[in-house]
Amino acid sequence: MSSARPSPVPPGSSADPVGEVVVDWYAGAARDLPWREPGTDPWAVLVSEVMLQQTPVARVEPVWRSWLDRWPTPAAMAGASPAEVIRAWGKLGYPRRALRLREAAVAITERHGGVVPAEIDELEALPGVGTYTARAVSCFGHGRRQPVVDTNVRRVVARLVHGRAEAAPARASDLVDIAALAPEDDARAIRFSVAVMELGALVCVAGTPRCPVCPVKDRCAWRLAGHPAHDGPPRRVQKFAGTDRQVRGRLLDVLRAASAPVEEDALTAVWDDAVQRSRCLDSLLVDGLVVQTDDGRFSLPE
DNA sequence: AAACCGTGGAG
DNA sequence: TCTCCAAGGTT
């Protein structure tokens, strides 16, 4: 998987740069994910990255396959209706992502001749594409050398470099920090960007880290310091039960399943609190996830 | 800039 | 059961 590298020190040596060790570890430990297969085009990578925003790999895989089977190019997707993409999104969650991905496909078709751009600023100008996703697409989709920082990477750096238990909030300097750890060789630096994420996803996990199998455990500042507990302010866990997110989810669930516009009564049935239900329906209308027909019924936007 | 935006599996 | 959390982005 990995090619020979121009390292002046023997593999495994404590003098071996951290980046090189992580890349070597990745060669033997990486998951066999479909969007990592050689030849995966930038559009397919973009779709995977958007789907993976806050959604676990296992749930993304089947949807990603069917999505690309149906819309293999940005131009193909640009011709789809919002209702189609909302349904195809299924229950991945945060359905506004589906809407934005479609809008991104339209923008790519109109502004970039149907070709997913490789430049960071052009990618970040696309709906639903931020700091992370832009660099992931440029790096993993186009093979550009780019620092890529997600929550996994921030956690690895927090522990390995700063000796802290948890990742600090994202900063612009994160990109500089991780770039400093990357191997010199471009091909290996590109591999390094995925490799650090993988290390955070498989070994240096949020719950119970698997330090015994970590390839860089001997130079991890957090482990060397005796795994000090997180000292900063406890980060809030988002509630779900009873929130607008749950109500919106139920409302949309009804409309996804419906083959024709539904009466308001059908929506009343899924949530008792009329005030909250109404607020959520309104917000779905504002978001463009739902439309109201002339006769007052509701449906996905066809 | 803190809060909001879904969903379901794991511990 | 219930808490945590999974490749963020937007406002």
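By convention in this document, chain letters (A, B, ...) are assigned in the order of the sequence lines, proteins followed by strands, and residues within each chain are numbered from 1.
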(request) Take the protein atom CD of A/Glu61 and the nucleotide atom P of C/dA7, then report the distance between them rounded to whole Å. (result) 15 Å
(request) Answer with base, sugar-phosphate or nothing: what part of the nucleic acid does A/Ala136 contact at a heavy-atom distance below 4.0 Å? (result) nothing
(message) Quick check on side chain to side chain contact (heavy atoms under 4.5 Å, CB included): which of A/Val63, A/Leu101, A/Leu252 does A/Trp89 satisfy it with?
(response) A/Leu101
(request) Run through A/Val18, A/Asp24, A/Val21 and flag the one making a side chain to side chain contact (heavy atoms under 4.5 Å, CB included) with A/Pro215. (result) A/Val21
(message) Regarding A/Asp244, tell me which of base, sugar-phosphate or nothing describes its non-hydrogen contacts under 4.0 Å with the strands shown.
(response) sugar-phosphate
(message) Please give the distance between the C1' atoms of B/dG6 and C/dC5 as a whole number of Å.
(response) 13 Å
(request) Pick base, sugar-phosphate or nothing for A/Arg154, based on heavy-atom distances below 4.0 Å to the nucleic acid. (result) nothing
(message) Just checking A/Asp231: does its CG atom have more than 12 heavy atoms from other residues, nucleotides or ligands closer to it than 6.0 angstrom?
(response) yes
(request) Give the rounded distance in Å between these two atoms: CZ of A/Arg236 and C1' of C/dC5. (result) 17 Å
(request) Check every strand shown and say whether A/Trp89 touches a base, only sugar-phosphate, or nothing at a heavy-atom separation below 4.0 Å. (result) nothing
(message) Just the rounded figure in Å: distance from P of C/dA6 to CG of A/Leu202.
(response) 12 Å
(request) Quote, to the nearest angstrom, the C1' distance that separates C/dA7 from B/dA2. (result) 23 Å
(request) Without swapping roles, check the side chain of A/Trp35 against the backbone of A/Val47 for a donor-acceptor pair under 3.5 Å. (result) no
(message) Can you see if the side chain of A/Arg235 gets near the phosphate of C/dC5 - specifically, an N or O under 4.0 Å from OP1 or OP2?
(response) yes
(request) Send over the distance from A/Gln238 CD to B/dA2 P, rounded to a whole Å. (result) 14 Å
Detail all sub-3.5 Å separations between protein N/O atoms and N/O atoms belonging to nucleotides 9-11 of chain C.
{"residue": "C/dG9", "atom": "OP1", "partner": "A/Gly130", "partner atom": "N", "Å": "2.8"}
{"residue": "C/dG9", "atom": "OP1", "partner": "A/Thr133", "partner atom": "N", "Å": "2.9"}
{"residue": "C/dG9", "atom": "OP1", "partner": "A/Thr133", "partner atom": "OG1", "Å": "2.6"}
{"residue": "C/dG9", "atom": "OP2", "partner": "A/Tyr132", "partner atom": "N", "Å": "3.3"}
{"residue": "C/dT10", "atom": "OP1", "partner": "A/Gly128", "partner atom": "N", "Å": "2.9"}

(message) Under 4.0 Å, heavy atoms only, any strand: does A/Leu289 hit a base, just the sugar-phosphate, or nothing?
(response) nothing
(message) Counting only heavy atoms not in A/Arg277 (residues, nucleotides, ligands), do more than 12 fall under 6.0 Å from its CZ?
(response) yes
Could you pull out every donor-acceptor pair under 3.5 Å between side chains of residues 257-270 of chain A and any protein atom, sequence neighbours left out?
{"residue": "A/Thr268", "atom": "OG1", "partner": "A/Glu264", "partner atom": "O", "Å": "3.0"}

(request) Determine the sole option in A/Asp16, A/Leu199, A/Val156 for which the side chain to side chain contact (heavy atoms under 4.5 Å, CB included) test with A/Val216 is passed. (result) A/Leu199
(message) Rounding to an integer number of Å, can you tell me how far A/Asp150 CG sits from C/dA6 C1'?
(response) 10 Å
(request) Look at A/Arg256 together with A/Asp253 and state whether they make a salt bridge at an N to O cut-off of under 4.0 Å. (result) yes
(request) State whether a side-chain donor-acceptor pair under 3.5 Å links A/Gln53 with A/Tyr132. (result) no
(request) Would you please say whether a donor-acceptor pair under 3.5 Å links the side chains of A/Arg135 and A/Ser193? (result) no
(request) Using whole Å, report how far CZ of A/Arg97 lies from P of C/dA7. (result) 13 Å
(message) Rounded to whole Å, how long is the line connecting atom CG of A/Leu284 with atom C1' of B/dC4?
(response) 13 Å
(request) Please state how far atom CG in A/Leu101 lies from atom P in C/dG8, giving the value in whole angstrom units. (result) 16 Å
(message) Once you apply a heavy-atom cut-off of 4.0 Å, does A/Thr243 come out as touching a base, just sugar-phosphate, or nothing?
(response) nothing
(request) Please work out if A/Ala170 contacts a base, only the sugar-phosphate, or nothing of the nucleic acid, heavy-atom cut-off 4.0 Å. (result) nothing
Distances for protein N or O near nucleotides 7-11 of chain B N or O, under 3.5 Å:
{"residue": "B/dT7", "atom": "OP1", "partner": "A/Arg256", "partner atom": "NH2", "Å": "3.3"}
{"residue": "B/dT7", "atom": "O2", "partner": "A/Arg59", "partner atom": "NH1", "Å": "2.8"}
{"residue": "B/dT7", "atom": "O2", "partner": "A/Arg59", "partner atom": "NH2", "Å": "2.9"}

